[in-house]
Visitor: 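One structure, pasted below without further comment.
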Amino acid sequence: MDKKPIVSIVMGSDSDMPVMVQAAKILDMFDISYEMNVISAHREPEEFFEYARGAEGRGIKVIIAGAGKAAHLPGMCAALFPMPVIGIPMKTSDLGGEDSLFSIVQMPSGIPVATVAINGGKNAGILAAKILSVSDSDLLQRVKDYADKLSSEVQEKNARLQDIGWKKYLEEK
């Protein structure tokens with residue numbers, strides 16, 4: 001992207017990339033500039049601290065952080081970065097992502113992390129857009145247009161269902 005990033009997408013492992021790319025695609029759709037990094041708070045703490053403490057100075061307004069298992073990356077970002085952090089808990093083979101979810105939502109008082117569903121990269125991108133739209137009327141209009149598009153899609157599906165019935169509808173899926 002040519003514009004200076006205002007959202008940072010960060011993950012602790014490249015295995016999280018398929019979920020994190022969902023957020024990037026939404027940010028692309030809303031024309032929001034972002035950076036994307038793989039940084040481990042556990043395996044490279046000095047680099048992580050430099051990244052999180054320097055985010056504000058780089059012009060970052062929102063961090064989207066994904067992590068699995070102990071999921072400390074979103075919480076550590078929130079501890080060091082003064083603006084909103086959105087956590088994406090990753091689905092894990094051990095506990096299905098519940099471990100990640102609980103680790104992110106159970107942050108101590110004073111260190112909030114907005115949290116989306118397990119593997120909820122798309123919603124993380126939408127939430128970042130909504131947060132940024134508070135101070136950007138053009139972006140707010142794009143967010144509203146997106147909501148209208150979702151509504152129209154549901155209405156079209158229902159009209160099709162009413163027209164052909166559920167049996168044929170399912171056959172076409």
Side-chain angles (χ1 to χ4, degrees), residues 1-38 60-69 71 73-74 77-78 83-107 112-173:
M1 296 203 138
D2 295 340
K3 297 186 295 185
K4 186 175 177 185
I6 60 173
V7 174
S8 184
I9 299 172
V10 64
M11 63 207 91
S13 169
D14 64 351
S15 64
D16 301 334
M17 184 102 38
V19 173
M20 304 310 286
V21 165
Q22 295 173 18
K25 288 177 179 179
I26 291 292
L27 296 175
D28 285 339
M29 183 187 74
F30 284 119
D31 194 30
I32 297 171
S33 57
Y34 59 91
E35 62 183 27
M36 185 181 290
N37 295 285
V38 177
I60 301 301
K61 304 294 182 204
V62 177
I63 292 177
I64 299 173
K69 303 197 184 247
L73 189 62
C77 286
M83 289 180 266
V85 173
I86 302 167
I88 305 174
M90 295 294 151
K91 184 174 184 180
T92 59
S93 58
D94 301 328
L95 299 172
E98 288 185 23
D99 48 347
S100 312
L101 174 65
F102 291 146
S103 182
I104 298 172
V105 299
Q106 290 298 108
M107 288 298 297
V113 176
T115 309
V116 295
I118 296 168
N119 283 356
K122 185 174 182 179
N123 272 353
I126 294 166
L127 182 55
K130 286 185 170 193
I131 290 168
L132 294 166
S133 74
V134 168
S135 60
D136 182 335
S137 60
D138 292 336
L139 178 56
L140 178 58
Q141 187 58 55
R142 292 193 304 273
V143 168
K144 288 177 179 181
D145 292 345
Y146 177 74
D148 289 343
K149 178 182 169 224
L150 293 178
S151 178
S152 294
E153 289 173 357
V154 172
Q155 291 170 14
E156 289 170 15
K157 289 176 183 180
N158 185 54
R160 181 84 178 134
L161 173 63
Q162 300 310 312
D163 184 46
I164 65 173
W166 69 268
K167 289 178 184 175
K168 188 165 185 178
Y169 190 92
L170 286 178
E171 288 174 6
E172 293 180 358
K173 296 235 28 103

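Residues: numbered from 1 along the sequence shown.
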Visitor: What closest approach, in Å, do A128 and V62 show between heavy atoms, and which atom pair accounts for it?
Guide: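 So the two residues come closest at CB-CG1, 4.1 Å.
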Visitor: Would you please name every residue forming a side chain to side chain contact (heavy atoms under 4.5 Å, CB included) with Q141, sequence neighbours left out?
Guide: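 Listed in chain order: K144, D145.
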Visitor: What pairs meet the salt bridge (charged side-chain N to carboxylate O under 4.0 Å, His left out) rule with one or both residues in residues 85-105, with sequence neighbours excluded?
Guide: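 Applying salt bridge (charged side-chain N to carboxylate O under 4.0 Å, His left out) to every pair that reaches into residues 85-105, excluding sequence neighbours, yields K69-D94.
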Visitor: Please identify each residue that fulfils side-chain hydrogen bond (donor to acceptor under 3.5 Å, both in side chains) with E171, with sequence neighbours left out.
Guide: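 If we apply the side-chain hydrogen bond (donor to acceptor under 3.5 Å, both in side chains) test to E171, skipping adjacent residues, there are no hits.
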Visitor: Hey, could you give me each pair passing ring pair (Phe, Tyr, Trp, His ring centres under 6.0 Å) that has a residue in residues 132-159? Not counting sequence neighbours.
Guide: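 For residues 132-159: F30-Y146.
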Visitor: Please give me the minimum heavy-atom distance between A24 and Y34, naming the atom from each residue.
Guide: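 Smallest heavy-atom distance, with atoms named: CB-OH, 3.5 Å.
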Visitor: Can you tell me how far CE of M29 sits from CZ of R142, rounded to the nearest 0.5 angstrom?
Guide: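 Interatomic distance, R142 CZ to M29 CE, rounded to 0.5 Å: 9.5 Å.
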Visitor: For residues 147-173, which residue pairs qualify under ring pair (Phe, Tyr, Trp, His ring centres under 6.0 Å), counting only residues two or more places apart or in two chains?
Guide: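 Every pair satisfying ring pair (Phe, Tyr, Trp, His ring centres under 6.0 Å) with a residue in residues 147-173: there are none.
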Visitor: Given 3.5 Å as the limit, does a donor-acceptor pair link the side chain of S100 with the main chain of M90, or not?
Guide: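 A pair under 3.5 Å: yes.
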Visitor: Would you please name every residue forming a side-chain hydrogen bond (donor to acceptor under 3.5 Å, both in side chains) with T115, sequence neighbours left out?
Guide: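 Applying side-chain hydrogen bond (donor to acceptor under 3.5 Å, both in side chains) to T115 gives none.
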Visitor: Would you please name every residue forming a salt bridge (charged side-chain N to carboxylate O under 4.0 Å, His left out) with K149, sequence neighbours left out?
Guide: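 So K149 forms a salt bridge (charged side-chain N to carboxylate O under 4.0 Å, His left out) with E153.
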Visitor: Please find the pair of heavy atoms, one from G12 and one from L73, that lie closest to each other, and give the distance.
Guide: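 So the two residues come closest at N-CD2, 3.4 Å.
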Visitor: Can you name the residues that form a side-chain hydrogen bond (donor to acceptor under 3.5 Å, both in side chains) with S151, not counting sequence neighbours?
Guide: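 In terms of side-chain hydrogen bond (donor to acceptor under 3.5 Å, both in side chains), with neighbours along the sequence ignored, S151 is linked to Q155.
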Visitor: How close do G87 and P89 get, heavy atom to heavy atom, and via which atoms?
Guide: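 For G87 and P89, the tightest heavy-atom pair comes out as O-CD, 3.6 Å.
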Visitor: Given side chains that start at C-beta, do those of K3 and D31 come closer than 4.5 Å, heavy atoms only?
Guide: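 The answer is yes, as the side chains (C-beta and beyond) meet within the 4.5 Å cut-off.
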Visitor: So, applying side-chain contact (heavy atoms from CB on, under 4.5 Å) with L101, which one of I118, T92, L95, I88 is it?
Guide: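 Among I118, T92, L95, I88, the one meeting side-chain contact (heavy atoms from CB on, under 4.5 Å) with L101 is I118.
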Visitor: To the nearest 0.5 Å, how far apart are CD1 in I86 and CD1 in I104?
Guide: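 Between I86 CD1 and I104 CD1, I get 11.5 Å after rounding to 0.5 Å.
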Visitor: Rounded to the nearest 0.5 Å, how far apart are CD1 of I126 and CG of L27?
Guide: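 Between I126 CD1 and L27 CG, I get 10.0 Å after rounding to 0.5 Å.
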Visitor: Could you tell me the separation between the CD1 atom of I64 and the CE atom of M20, rounded to the nearest 0.5 Å?
Guide: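 Between I64 CD1 and M20 CE, I get 6.5 Å after rounding to 0.5 Å.
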Visitor: What pair of heavy atoms forms the shortest contact from P74 to A65, and how long is it?
Guide: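 Heavy atoms of P74 and A65 come nearest at CG-O, 3.4 Å.
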Visitor: If you look only at pairs with a residue in residues 120-136, which of them pass as a side chain to side chain donor-acceptor pair (under 3.5 Å), with sequence neighbours excluded?
Guide: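 Listed by first then second residue: nothing to list.
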Visitor: Sequence neighbours left out, what pairs pass salt bridge (charged side-chain N to carboxylate O under 4.0 Å, His left out) with at least one residue falling in residues 14-26?
Guide: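 Not a single pair qualifies under salt bridge (charged side-chain N to carboxylate O under 4.0 Å, His left out).
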Visitor: What verdict does the side-chain contact (heavy atoms from CB on, under 4.5 Å) test give for I131 and K61, after you've listed the backbone C-alpha separation in whole Å, the side-chain angles of each residue and the deciding distance to 0.1 Å?
Guide: CA-CA 9 Å; I131 290 168; K61 304 294 182 204; over 6 Å; no
Visitor: Compare every heavy atom of C77 with every heavy atom of I63, then report the nearest pair and how far apart it is.
Guide: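 Scanning both residues completely, I find the closest heavy atoms to be CG2-SG, 4.1 Å.
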Visitor: Strictly by salt bridge (charged side-chain N to carboxylate O under 4.0 Å, His left out), give each pair with a member in residues 155-165 just once, sequence neighbours left out.
Guide: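 As it turns out, the salt bridge (charged side-chain N to carboxylate O under 4.0 Å, His left out) pairs with a partner in residues 155-165, which skip direct neighbours, are R160-D163, R160-E172.
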Visitor: In Å, rounded to the nearest 0.5 Å, how long is the span from CD1 of I32 to CG of L139?
Guide: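 Those atoms lie 4.5 Å apart.
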